[in-house]
Each structure stands twice: as C-alpha cells, then as structure tokens.
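Below is one structure, written out as structure tokens, with a few remarks after it.
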Amino acid sequence: ERLHALWDKFKVPVIGVITLSFLGVGGYSFYNHYQVTQMQKQSELFISIGYLLMQDKTADALAVLHTFNPKSKHGYEILAQFLKASLQWKNKDTQEQSIASYKSIAANISLEQSWRDLATLMSVMRGIELHKEGLLNELGILLQENNPWYLFALEAKGIILLQQNKPKE
C-alpha cells in the first residue's frame, strides 16, 4: 500500500520526467541526424563541383558554389569560399572579385583565425600579381613570428619590397 500511495503521489512528476527524457533524447537524435544529412548534401554538392570542373564547366561550378553559405564556419562552406575565390582568379575579368572574396573570408569573424589569416595571405598574394598598393599594411599580424603563416607572409613582404624597388628593406 505504501508503494501504491507513493505512486499516486508522484506518478505525474515521474511520467513527466520520463516523457521529457524521451523528448530530449529524440530531439538530440533528430538534430544529429539533421546535421549528418546536411553534411552529406554539402559533400555531394562539393563532389558535383569537382565533376563540373573536370568537364571545364567553371561557370556552372561557380553557380553551385554560390549555394554555400559564405558566413558559415563549417568545413565545406569554408572550402567552397576558398574554391570560389580561386576560380574567380582564373578569369581575368573576375580577378578583382577574387581578391574581394578572399577579403570577405578574412573579415568573417566567426571563422578560426588561421582560416582568416590564410584568406588575408591569399588576398595579398593575388594583389602582388596585380601590383596593388598598400599590401604591406594588409600583412599586419601575419608578420608576427608566432603566426603559422609567418614564413609565407615574410616571403610576400620580400616580393612586395622588390616590386617597390626596395630590396634592402
């Protein structure tokens, strides 16, 4: 009778806790499934871009790349932004867009600093090829010895100084 009395007293909270537990586990499983499904879709899109590029369909590949979210910090989306900038560079008419794309990646504060630094370095390197001004200032923190891109930035600085006819600096 004691158990029956306890059950009568606590059955609603117990059933509530069990129900919430099932809902929590179900929601968590649904969210994980959703994430995996999204990653699979992005993977398939990225593979399709590779096939398009193998067939020299750069314009179609760029169209697919535009479907990726440029403000995201997830793998395929970051790679898509770098690939888009790289493809833009191959066309003389869109080289300025390429530099702007790299700068956009570098400005995305939701990305890890190493991705942002790489985008800055790529922007500067493309700027070197177009003989742009003010590139030394853009190197900024890349020229700190503790930066993983330091040696590349140092090389870029040397090229910029040579272009400016200042080899001794």
Scan the side chains in residues 5-12 for donor-acceptor partners under 3.5 Å anywhere in the protein, sequence neighbours excluded, and list what turns up.
none

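- Qualifying side-chain contact (heavy atoms from CB on, under 4.5 Å) partners for Lys166, counting only residues two or more places apart in sequence or in other chains: Leu161, Gln164, Glu169.
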Listing, residues 14-22 side-chain donor-acceptor contacts under 3.5 Å, not counting sequence neighbours, or none:
| from | atom 1 | to | atom 2 | distance (Å) |
| --- | --- | --- | --- | --- |
| Thr19 | OG1 | Ile15 | O | 2.7 |
| Ser21 | OG | Val17 | O | 2.8 |

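- Met125 and Leu162 fall into different hydrophobic clusters, where Ile, Leu, Val, Met, Phe, Trp and Tyr residues are linked whenever their side-chain heavy atoms come under 4.5 Å apart, directly or through other members.
- With sequence neighbours left out, the ring-ring contact (aromatic ring centres under 6.0 Å, His included) criterion links Trp115 to Phe82.
- The distance from the CD atom of Glu77 to the CG atom of Asn108 is 10.5 Å, given to the nearest 0.5 Å.
- The distance from the CD1 atom of Ile49 to the OG1 atom of Thr58 is 11.5 Å, given to the nearest 0.5 Å.
- Considering all non-hydrogen atoms of both residues, Met39 and Tyr76 come closest at O-CE1, 4.0 Å.
- Annotation for Leu23: atom CG counts as buried by contact number, over 12 foreign heavy atoms lying within 6.0 Å.
- Between Phe30 and Val25 there is no side-chain heavy-atom pair separated by less than 4.5 Å.
- Remark: Ser104 OG to Gln97 CD distance equals 12.0 Å, nearest 0.5 Å.
- Taking Asp93 as the reference, Asn91 meet the side-chain contact (heavy atoms from CB on, under 4.5 Å) condition, with sequence neighbours excluded.
- What you find for Leu136 and Lys157 is that their closest heavy atoms are CD2-CG, 3.5 Å.
- For Ser48 (side chain) and Leu45 (main-chain N/O), a donor-acceptor pair under 3.5 Å exists by modelled atom type.
- Clustering of Ile, Leu, Val, Met, Phe, Trp and Tyr side chains at separations under 4.5 Å places Leu130 together with Trp89, Ile99.
- Summarising the geometry of Ile128 relative to Ala156, their closest heavy-atom pair is CD1-O, 3.7 Å, with the distance given to 0.1 Å.
- Side-chain contact between Gln38 and Lys41 is present, with at least one heavy-atom pair separated by less than 4.5 Å.
- Annotation: side-chain contact (heavy atoms from CB on, under 4.5 Å) contacts of Ser86 (sequence neighbours excluded): Tyr102.
- Note that CD of Glu133 is 10.0 Å distant from CD1 of Ile160, once rounded to the nearest 0.5 Å.
- Residues Ala61 and Leu53 approach most closely at CB-CD2, 3.7 Å, considering heavy atoms.
- For the residue pair Gln88 and Gln95, no side-chain donor N or O sits within less than 3.5 Å of a side-chain acceptor on the partner.
- Sorted by first and then second residue, the ring pair (Phe, Tyr, Trp, His ring centres under 6.0 Å) pairs involving residues 118-140 (not counting sequence neighbours) form an empty list.
- Residue pairs that meet the salt bridge (charged side-chain N to carboxylate O under 4.0 Å, His left out) test with at least one member in residues 23-38, sequence neighbours left out, do not exist here.
- The CG atom of Leu62 sits 8.0 Å away from the CG atom of Leu83 when rounded to the nearest 0.5 Å.
- Leu121 contributes atom CG, which lies 9.5 Å from atom CD of Glu155 (distance to the nearest 0.5 angstrom).
- Residues passing the side-chain contact (heavy atoms from CB on, under 4.5 Å) test with Ala106, sequence neighbours excluded: Ala119, Thr120.
- For the pair Ser123 and Glu138, the tightest heavy-atom approach, listed with the atom from each and the gap, is OG-OE1, 3.8 Å.
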Counting only pairs under 3.5 Å, give me each side-chain donor-acceptor contact of residues 140-149, with atom names and distances, residues two or more places apart or in other chains.
| from | atom 1 | to | atom 2 | distance (Å) |
| --- | --- | --- | --- | --- |
| Asn147 | OD1 | Trp149 | N | 2.8 |
| Asn147 | ND2 | Asp117 | OD2 | 2.9 |
| Asn147 | ND2 | Ile141 | O | 3.4 |
| Trp149 | NE1 | Ser114 | O | 3.2 |

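- Apart from Met54 itself, the hydrophobic cluster it occupies contains Ile47, Tyr51, where clustering links Ile, Leu, Val, Met, Phe, Trp and Tyr at side-chain heavy-atom distances under 4.5 Å.
- When side chains are defined from C-beta on, Arg126 does not count as touching Lys103, because their heavy atoms never get closer than 4.5 Å.
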